[in-house]
Amino acid sequence: YGNSEIYSKDDMDSAIQQIEEEFNTWDGCELHSITYSSDDECNADNISWMNELEEANDASETFTQCIMFTSDFHSPKDGGGAWNSDYEYIGWQWWLARTDSGEWKLMTWGY
């Protein structure tokens with residue numbers, strides 16, 4: 001699912017587990033792939049954005065790291081909810097953040 005100079009395979013596996021837990025609640029969707037974006041996305045601007053999202057939820061954590069994955073998946077034939085019927089979603093983004101000693105927290109997803 002990609003290479004990183006910043007994050008270990010265990011770091012990425014832990015983040016992917018959070019993504020899969022959320023994705024598994026999407027009835028009828030079929031996950032095709034999850035890919036690590038790049039170390040370039042793990043920058044001060046995006047960490048700041050993750051902290052802004054956290055503050056908007058009145059949470060008290062201050063994140064020091066972020067990670068982004070993309071996924072490809074197929075929606076249910078009948079659609080439902082926000083999904084287009086029988087549609088292949090490509091490049092769906094998943095953003096997670098954590099403190100130095102914390103666990104990944106899924107912050108936002110979409111295009």
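As a basis for the values below, the full set of heavy atoms in this structure was taken, side chains included, without hydrogen atoms, waters or symmetry mates.
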Could I get the full list of side chain to side chain contact (heavy atoms under 4.5 Å, CB included) partners for T25, not counting sequence neighbours? E22
What do you reckon, is CD of E5 surrounded by more than 12 foreign heavy atoms closer than 6.0 Å? no
With clusters defined by side-chain heavy atoms of hydrophobic residues (ILVMFWY) lying less than 4.5 Å apart, directly or transitively, does Y36 cluster with I90? no
Step by step, would you call L96 with Q18 a side chain to side chain contact (heavy atoms under 4.5 Å, CB included)? CA-CA 9 Å; L96 302 93; Q18 299 294 319; 3.7 Å; yes
Are Y111 and I19 connected into the same hydrophobic cluster when the rule is that any two of I, L, V, M, F, W, Y join if their side-chain heavy atoms are below 4.5 Å apart? yes
Residues pairing under ring-ring contact (aromatic ring centres under 6.0 Å, His included) where one sits in residues 41-63, two or more places apart or in two chains, turn out to be W49-W95
Kindly write out the residues that satisfy side-chain hydrogen bond (donor to acceptor under 3.5 Å, both in side chains) with W92, not counting sequence neighbours, or none if the list is empty. none
Residues 67-74 side chain polar contacts: donor-acceptor under 3.5 Å, at least two apart:
{"residue": "S71", "atom": "OG", "partner": "W94", "partner atom": "NE1", "Å": "2.8"}
{"residue": "D72", "atom": "OD1", "partner": "G91", "partner atom": "N", "Å": "3.0"}
{"residue": "H74", "atom": "ND1", "partner": "E88", "partner atom": "OE1", "Å": "2.7"}
{"residue": "H74", "atom": "NE2", "partner": "D86", "partner atom": "OD1", "Å": "2.6"}

For I47 and T64, run side chain to side chain contact (heavy atoms under 4.5 Å, CB included): C-alpha distance rounded to whole Å, both residues' side-chain angles, the deciding distance at 0.1 Å, then the answer. CA-CA 6 Å; I47 292 169; T64 56; 5.7 Å; no
To the nearest 0.5 Å, what is the distance between CE (M107) and CG (N46)? 12.0 Å
Working to the nearest 0.5 angstrom, can you tell me the gap between S38 OG and N3 CG? 11.5 Å
Residues in side chain to side chain contact (heavy atoms under 4.5 Å, CB included) contact with S14, at least two apart in sequence or another chain: E103, W104
Counting distance only, does the side-chain N/O of N43 pair as donor-acceptor with the main-chain N or O of D40 below 3.5 Å? yes
Under the salt bridge (Lys or Arg N to Asp or Glu O under 4.0 Å) test, which residues partner K77, sequence neighbours left out? none
Run the numbers on T99 and T62 for side chain to side chain contact (heavy atoms under 4.5 Å, CB included), then give the verdict. CA-CA 6 Å; T99 62; T62 301; 5.8 Å; no
With sequence neighbours left out, write down each residue that passes side-chain hydrogen bond (donor to acceptor under 3.5 Å, both in side chains) with N24, or none if nothing qualifies. none
Can you list the steps and then say if S75 with N84 is a side-chain hydrogen bond (donor to acceptor under 3.5 Å, both in side chains)? CA-CA 7 Å; S75 65; N84 293 327; over 6 Å; no
Output the distance between atom CD (E41) and atom CD1 (I6), rounded to the nearest 0.5 Å. 10.5 Å
Output yes when a side-chain donor or acceptor of D11 lies under 3.5 Å from a complementary backbone atom of S8, and no otherwise. yes
Check whether the ring centres of Y89 and W83 lie less than 6.0 Å apart, and answer yes or no. yes
Verify the cluster assignment for L31 and L106: are they in a single hydrophobic cluster under the rule of side-chain heavy atoms below 4.5 Å apart? yes
Can you run down the salt bridge (Lys or Arg N to Asp or Glu O under 4.0 Å) pairs that involve residues 28-39, sequence neighbours left out, and say none if there aren't any? none
So E61 and K105, do their side chains get closer than 4.5 Å, heavy atoms only? yes
Could you work out, with side-chain hydrogen bond (donor to acceptor under 3.5 Å, both in side chains) as the rule, every residue matching Q65, not counting sequence neighbours? R98
Work out which heavy atom in D27 is nearest to a heavy atom in P76; give both atom names and the distance. O-CG, 3.4 Å
